[in-house]
2 protein chains.
Amino acid sequence: MVRVGLTAQRLIQAGAELADEVGFEHVTVSELARRFDVKVASLYSHVKNSQDLKTRIALFALEELADLSADAVAGRAGKDALTAFANVYRDYAHQHPGRAAAARMRLDPETAAASAGVRHARMMRAILRGYDLAEPDETHAVRLLGSVFHGYAGLEGAGGFSHSAPDSEESWTRVLDALDALLRNWPARPTP
Amino acid sequence: MVRVGLTAQRLIQAGAELADEVGFEHVTVSELARRFDVKVASLYSHVKNSQDLKTRIALFALEELADLSADAVAGRAGKDALTAFANVYRDYAHQHPGRAAAARMRLDPETAAASAGVRHARMMRAILRGYDLAEPDETHAVRLLGSVFHGYAGLEGAGGFSHSAPDSEESWTRVLDALDALLRNWPARPTP
DNA sequence: TGCATTTACCTAAGGGCTTTAGGCAAATCA
DNA sequence: TGATTTGCCTAAAGCCCTTAGGTAAATGCA
């Protein structure tokens with residue numbers, strides 16, 4: 001009986017790679033076991049269950065993404081920072097579609113609160129400090145940006161923008177231009 | 001042997017309701033059969049397989065949503081139309097979270113091309129005609145709006161904005177204000 | 001109205017993924 | 001080196017998906 005040296009970390013890492021190959025929704029304990037050439041039951045000492053595995057892949061992706069974003073944003077401000085941050089997001093979704101999908105997975109509130117998701121939110125707020133928005137507008141803007149980034153990655157991943165002109169790359173650039181313009185010119189609350 | 005009178009339409013309708021109750025990802029041929037008090041195999045005369053069932057629920061949701069949007073937008077223009085359209089989207093996601101998730105499902109290109117998704121795109125373009133954007137900016141704007149609507153619904157459905165101030169309702173209103181302002185003031189392509 | 005055809009639902013069966021319980025051998029430690 | 005821990009295994013049960021082939025209800029036709 002050869003020991004492969006499974007650990008939760010190795011499983012999650014391999015799970016993330018598997019997600020990128022076959023899609024996050026097709027990540028399965030069985031397939032993971034197959035890849036380690038190990039029986040399925042063996043994984044259950046390292047991971048609670050299938051749900052737990054997926055959650056931990058999601059948390060892993062969120063961390064990874066937050067680390068990349070932090071690097072990209074360091075030393076930048078204004079549109080520069082916004083673009084760098086947004087591009088990390090989109091590039092990650094291109095290079096790691098499975099992990100990106102994982103990062104969009106629904107987490108229960110406590111898990112989410114303990115996740116790197118909060119770092120993302122903090123970074124976004126830091127970027128927004130370059131545009132001066134008073135609360136609650138800053139929060140509205142955070143939510144708008146989050147929606148755009150998630151939404152764009154989702155639609156692009158679903159093939160929404162492929163095979164139609166202009167190419168998605170150009171739209172992305174122009175969307176960022178537009179968001180920058182919007183943030184510099186955030187409208188006052190209209191008087192009814 | 002009592003006959004229940006299954007049809008593809010009834011299955012899809014019931015499937016949509018099931019999705020709203022348990023989440024689209026938990027819609028299962030078995031559960032559907034249980035609800036009709038019928039054996040699982042019986043469904044396979046009406047629906048090709050599980051994937052087919054889900055796809056048809058997605059198409060159903062897209063149609064329903066397009067019909068609602070068309071009604072809401074009729075007779076409106078400018079911000080009025082934009083708001084009406086956007087609110088249909090969001091209200092639908094609130095009232096029918098499962099169907100909304102279905103509507104966000106990845107479809108293969110041919111299926112997507114034959115779906116009500118194209119009506120959605122056409123309506124968006126019609127609304128944008130109220131803001132005068134020349135191509136390719138109109139397309140960029142369509143993609144931005146799509147991303148925001150999908151993204152906001154996704155994050156809200158995932159509980160992203162709950163239990164934090166200001167409430168999601170207010171953010172949504174202000175996001176629409178902001179999008180309207182942006183469309184009225186779409187930035188020219190910056191000269192590098 | 002009676003018979004043939006079609007159709008709706010059924011049983012049976014195989015295969016995959018998940019999860020738990022309990023066992024044996026490799027690694028670790030004293 | 002012997003004891004303990006730990007990593008991976010077998011076995012088994014449960015649920016979902018899917019196909020093949022059967023039976024009875026509904027429908028159509030003479």
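In the text below, chain A, chain B and the rest are named by the order of the sequence lines, each starting its count at 1.
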Using atom [atom1] of [X] as one end and atom [atom2] of [N] as the other, report the distance to the nearest whole Å.
X       : N      : atom1 : atom2 : result
B:Arg34 : C:dC9  : CZ    : C1'   : 17 Å
B:His26 : D:dC17 : NE2   : P     : 12 Å
B:Tyr44 : D:dG21 : OH    : C1'   : 17 Å
A:Leu32 : C:dG16 : CG    : P     : 18 Å
A:Leu6  : D:dC8  : CG    : C1'   : 8 Å
A:Lys39 : D:dC9  : NZ    : C1'   : 9 Å
A:Glu25 : D:dC16 : CD    : P     : 20 Å
A:Gln51 : C:dC17 : CD    : C1'   : 15 Å

#### Entry: OP1 or OP2 of D:dG7 under 4.0 Å from side-chain N/O of A:Ser42
no

Nucleotide nearest [X] when distance is taken to its side chain, options [options]:
X       : options                : value
B:Ser50 : C:dT19, D:dA25, D:dT18 : D:dT18
A:His46 : D:dC8, D:dC17, C:dT19  : D:dC8
B:Arg3  : D:dT18, C:dC17, D:dA24 : D:dA24
B:Ala41 : D:dA11, D:dA20, C:dT18 : D:dA20
A:Ser30 : D:dC17, C:dT19, C:dC17 : C:dC17

### Query
Would you call A:Arg125-A:Glu135 a salt bridge at under 4.0 Å N-O?
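So A:Arg125 pairs with A:Glu135 through a salt bridge.
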
### Query
Is A:Arg119 salt-bridged to A:Asp67, cutoff N-O under 4.0 Å?
yes

### Task
With heavy atoms under 4.0 Å as the rule, sort B:Val40 into base, sugar-phosphate or nothing.
base

### Message
Ring centres under 6.0 Å, that's the criterion: do A:Trp186 and A:Tyr131 meet it?
### Response
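No.
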
### Query
Does A:Arg143 make a cation-pi contact with B:Phe161, if we ask for NZ or CZ under 6.0 Å from the ring centre and within 45° of the axis?
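The answer is yes; both the distance and angle limits are met.
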
### Task
Determine the sole option in A:Leu82, A:Thr83, A:Asn185, A:Val175 for which the side chain to side chain contact (heavy atoms under 4.5 Å, CB included) test with A:Asp180 is passed.
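Considering A:Leu82, A:Thr83, A:Asn185, A:Val175, a side chain to side chain contact (heavy atoms under 4.5 Å, CB included) with A:Asp180 is found only for A:Leu82.
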
### Residue whose closest nucleotide on DNA chain C lies nearer the 5' end, A:Thr28 versus A:Lys48
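By nearest-heavy-atom nucleotide position, the 5'-most residue is A:Thr28.
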
